[in-house]
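Presented below is the structure to which this report refers.
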Amino acid sequence: MREDVFIPTQNYQKLQSLCEDLLSTSLGLEMATVVGSTGRGKTTAAERLIVVDPRAVLIRFQDWMTPRVLMREIAFILGGTRPRSGAGAYELIQSEMALQRRIIMVDEVDRMTLRHVNTLRDLHDALKVPVVMIGEEMLSRLIEQERRIKSRVAHQLRFEPLCAIDVVVFYRNAMGQAVTPKQAAQLAKHSAGDFRIVVNDAVQMEKKMKASGIEAITDELTAEVCREDDGKQGA
Amino acid sequence: MKTTASRVREHISGLLSEFTPAEVTRDLELPHGGVVRDVLKDMALRGEVKRMESGRYRYLGFQPAWGARRSIKPRMYRAMHVKRAFTAADIAMLADAGMNFTSKVIRQLLDEDDIERVGKKRNRNNQPIWIYRVRHLDRFYQKYVAAQRSGKEGGS
């Protein structure tokens, strides 16, 4: 199985078009949230996006970061230096944004406090910076705590569970195998939308195919992989 | 000095009919046909030539945008910076790069002491692979990511 292929899932494509929208418009409401459970590929999609598009930057929030440290990190990722003061960081962000409009994506926002989110809101308001906040379900609740934040979030993207089409693309690109719509639906259902489970199932599938000398995925094999894993989870 | 690929391109762009790798090898007086076959395979992937059912190739034309390899290295640097600890496959996946080219860039960065090996793990095919780490994130960012953004060539 190939590990070096990126699967452009439907969620990734939605995130890509969201970023294009944010960069192409300047209506003063450019805050967005990307919400989804673990394993839906939020972080990988964001990483991929900033790698292919230099107009986007990504900051991964960590628990030790204060709002000032968050500002300094944003300043560093945009300008390459970390000014000591918050005001210095703000100035640097401002001058960098004047050179080129970019999207600031912040991951793990669900772990932030309202003070951090308000720091992002200030950046958005003062500099008209598009801000994309990424996190798990808790993020929605965090945003709803303050009306002034909630009203600024113009775009809400939900990372849906992986669908059968994503499974078909994954098996084709990573394994070079074709799966029927029925098999894809079964595998998607078994994964409960978690990409990691899809990958684990594919690894199991490949092992079984090698062991038994089968060259194509069959309905029986698909059922066996899904059943076996259920047994493990139940134990 | 011209590369084999550019010699092949120059030759086949002047051909009026379809051609085989063996014919091109003979015309260019290359020692064996493997090189031409590899070049044509790459060109077919880019859409520069088309392989016909007969096994012969047809030249379709070259677009300068295909030489986008220059944009791959900055992507790889950005991927390394964002991942911090990574395997070659992680970088190839995020940057849309080939594994061979990724390994080559990683070797260069190891020689420059900008990244280091931190351990080994087994991949999904149960083969041992190295895990790398950016040695100094800020310095790496300044040297490669920021330098590329401002239009300078990072590293040596």
Side-chain angles (χ1 to χ4, degrees), chain A residues 1-9 12 41 43-60 62 72-82 92 96 99-100 102 105-107 134 170 173-176 195-196 198-207 209-211, chain B residues 45 68-106 121-131 134 136-152 154:
Chain A
M1 183 196 296
R2 292 183 61 185
E3 289 187 42
D4 58 333
V5 286
F6 180 79
I7 312 298
T9 58
Y12 170 73
T43 302
T44 307
E47 284 174 351
R48 164 75 174 192
L49 201 80
I50 64 141
V51 166
V52 297
D53 191 347
R55 294 173 304 169
V57 294
L58 175 69
I59 287 98
R60 189 169 298 152
Q62 290 168 24
R72 291 183 69 208
E73 285 303 310
I74 295 173
F76 179 76
I77 215 85
L78 291 171
T81 53
R82 282 192 186 85
L92 182 62
E96 283 296 323
L99 290 174
Q100 189 189 16
R102 287 186 234 165
M105 301 173 93
V106 189
D107 198 6
I134 305 169
F170 173 77
N173 291 5
M175 284 177 73
F195 204 89
R196 295 180 189 118
V198 173
V199 174
N200 283 340
D201 285 351
V203 172
Q204 295 302 319
M205 190 90 78
E206 198 174 53
K207 277 183 188 167
M209 286 166 74
K210 269 185 193 162
Chain B
L45 282 173
R69 189 167 161 150
R70 267 168 295 158
S71 69
I72 294 178
K73 240 180 176 179
R75 283 185 192 181
M76 289 164 76
Y77 295 144
R78 283 202 294 275
M80 286 173 195
H81 183 257
V82 75
K83 290 298 279 187
R84 294 159 192 224
F86 53 85
T87 64
D90 290 339
I91 303 304
M93 183 263 283
L94 285 176
D96 249 351
M99 279 299 281
N100 287 344
F101 187 54
T102 307
S103 305
K104 188 178 154 188
V105 173
I106 285 177
K121 71 168 192 172
R122 292 203 170 263
N123 69 3
R124 289 174 202 147
N125 299 321
N126 209 27
Q127 291 159 337
I129 48 166
W130 285 106
I131 303 169
V134 174
H136 193 291
L137 266 178
D138 289 4
R139 243 177 264 154
F140 185 89
Y141 183 85
Q142 299 281 17
K143 191 172 173 184
Y144 295 104
V145 185
Q148 296 280 358
R149 189 176 284 158
S150 59
K152 288 174 265 169

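Quick note on labels: first sequence line is chain A, next is B, and so on, each numbered from 1.
- For A:Val5, the part lying under 4.5 angstrom from a heavy atom of chain B is the backbone only.
- The shortest heavy-atom contact between A:Phe76 and B:Tyr141 is O-CE2, 3.6 Å.
- Contact annotation for B:Asp138: both backbone and side-chain heavy atoms come within less than 4.5 Å of a heavy atom of chain A.
- Taking NE2 of B:His81 as the reference point, atom CD1 of A:Ile77 lies at 4.5 Å (rounded to 0.5 Å).
- For the atom pair A:Arg48 CZ and B:Arg75 CZ, the distance stands at 6.5 Å (nearest 0.5 Å).
- For the atom pair B:Asp96 CG and A:Asp4 CG, the distance stands at 9.5 Å (nearest 0.5 Å).
- For the residue pair A:Val51 and B:Val82, the shortest heavy atom distance occurs at CG2-CG1, 4.4 Å.
- No side-chain donor-acceptor contact under 3.5 Å links A:Glu47 to the backbone of B:Ala79.
- Nearest approach of B:Arg78 to A:Ile50, heavy atoms of both residues: NE-O, 3.2 Å.
- Scanning residues 85-93 of chain B against chain A with a 4.5 Å heavy-atom cutoff picks out B:Ala89, B:Ala92, B:Met93, ordered by number.
- The distance from atom NZ of A:Lys207 to atom CG of B:Asn126, rounded to the nearest 0.5 Å, is 6.5 Å.
- Of all the listed residues (A:Arg82, A:Lys210, A:Arg2), the one sharing the greatest number of non-hydrogen pairs under 4.5 Å with chain B is A:Arg82.
- Heavy atoms of A:Leu49 lying under 4.5 Å from chain B are absent altogether.
- Heavy atoms of A:Thr44 lying under 4.5 Å from chain B belong to its backbone as well as its side chain.
- Residues passing the salt bridge (Lys or Arg N to Asp or Glu O under 4.0 Å) test with A:Asp107, sequence neighbours excluded: none.
- To the nearest 0.5 angstrom, B:Lys83 atom NZ is 8.5 Å from A:Thr43 atom OG1.
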